[in-house]
Amino acid sequence: MTPITDPRDRLIVALDLADVDAARALVDRIGDAATFYKIGYQLGYNGGLAFARELAKRGLKTFLDLKLHDIGNTVEEGVRAVSDLGASFLTVHAYPQTMRAAVRGRSGNLKVLAVTVLTSYDDADAAEAGYALPVSALVAKRAGQARDIGIDGIVCSALEAGPVRTAIGPERLIVTPGIRPAGAELGDQKRVLTPGQARAAGIDHVVVGRPITGAADPRAVARAIVAEMGEA
Ligand SMILES: O=c1ccn([C@@H]2O[C@H](COP(=O)(O)O)[C@@H](O)[C@H]2O)c(=O)[nH]1
């Protein structure tokens, strides 16, 4: 794993916005307070993949949160197709067949992250979806499978960072959404920690969307989150 030397790289800002114009305006407003941006479904389906290339050309890091999950051939070719966009991270769901296919399709500097259990899920949501295991056990099981398959990092809640680190070792990445500055609205997130708590738990990167995108001063919120996580 490349060590993080710039503390700003720990924060990944989720660009969950309607279109590229809105995303570009937010990135410009945040300026040098953030270095890493995530593009998910909302922007990805509306010009976001080309925008990822634009951000990479500007020297910014990008995370394509596409959460791929399909038959192996489709996942493998899908990962191959996005490998040249200049992104740092791409997500797939943490199903063994899917993860093996993603590893086959991965190339260049792109790191594939496996989404274990969405941070909007608690044990009742997992049971409703048909899983017999509680969330913590499901996350640990999927993290171990991801390690064995050769995935580069794990997406989970910071609440699970300790057991996940034990499962995957020091080299692979832990990337955590479900992050809220103290007092911020949780929205639909259920497994939540603050940026400082997440950092203390041993994560590599936090993902933060609405607390920044919905702020009157997104640059100030981004700066405060980076400061709360401390030195690189
Ligand atoms: O388990 C997961 C996986 C991905 N996400 C994504 O992260 C951001 C979080 O946004 P907030 O506005 O800070 O809640 C969003 O893009 C999700 O798609 C996640 O939340 N949980």
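For ligands, and for the atoms within them, numbers begin at 1 and follow the listed sequence. Any value given below was found using the heavy atoms of this structure, including those in side chains, with hydrogens, waters and symmetry copies removed.
- Here the protein heavy atom with the shortest distance to atom 1 (O) of ligand 1 is Thr119 N, 2.9 Å.
- With ring centers used as reference points, His205 lies 6.0 Å or more from Phe63.
- For atom 18 (O) of ligand 1, the nearest protein heavy atom (residue, atom name, distance) is Lys67 NZ, 3.5 Å.
- Using a 4.0 Å heavy-atom cutoff, Lys38 is listed among the residues neighbouring ligand 1.
- Heavy atoms of Leu118 found under 4.0 angstrom from ligand 1 belong to the backbone as well as the side chain.
- The distance from the CG atom of Asp32 to the CG atom of Leu60 is 10.5 Å, given to the nearest 0.5 Å.
- Near Arg180, meaning under 4.0 Å from one of its heavy atoms, ligand 1 places the atoms 11 (P), 12 (O), 13 (O), 14 (O).
- Here is the list of ligand 1 atoms found below 4.0 Å of a heavy atom in Arg210: 11 (P), 12 (O), 13 (O), 14 (O).
- In terms of heavy atoms, Met99 sits closest to His93 at CG-O, 3.8 Å.
- Applying the 6.0 Å contact sphere to CG of Asp188 captures more than 12 heavy atoms from other residues, nucleotides or ligands.
- At the shortest separation from atom 20 (O) of ligand 1 among protein heavy atoms lies Gln189 NE2, 2.7 Å.
- Taking every heavy atom of Pro177 and a limit of under 4.0 angstrom, the matching atoms of ligand 1 come to 2 (C), 3 (C), 4 (C), 5 (N), 7 (O), 19 (C), 20 (O), 21 (N).
- Figure legend: cation-pi geometry between Arg142 and Tyr95, with NZ or CZ positioned under 6.0 Å from the six-membered ring centre and within 45° of its axis.
- Where the criterion is an N or O separation shorter than 3.5 Å, residue side chain and backbone included, Val155 fails it with respect to ligand 1.
- No more than 12 heavy-atom neighbours from other residues, nucleotides or ligands sit within 6.0 angstrom of NZ on Lys141.
- Taking the ring axis of Phe89 as reference, the NZ or CZ atom of Lys38 does not stay both within 45° of it and closer than 6.0 Å to the ring centre.
- Using a 4.0 Å cut-off between heavy atoms, Asp65 contacts ligand 1 through its side chain alone, with no backbone atom that close.
- Here the protein heavy atom with the shortest distance to atom 15 (C) of ligand 1 is Asp16 OD2, 3.3 Å.
- When each atom of ligand 1 is checked for a heavy atom of Val207 under 4.0 Å away, the hits are 7 (O), 8 (C).
- Here Arg172 does not pair with Asp204 in a salt bridge; the nearest charged N to carboxylate O distance is not below 4.0 Å.
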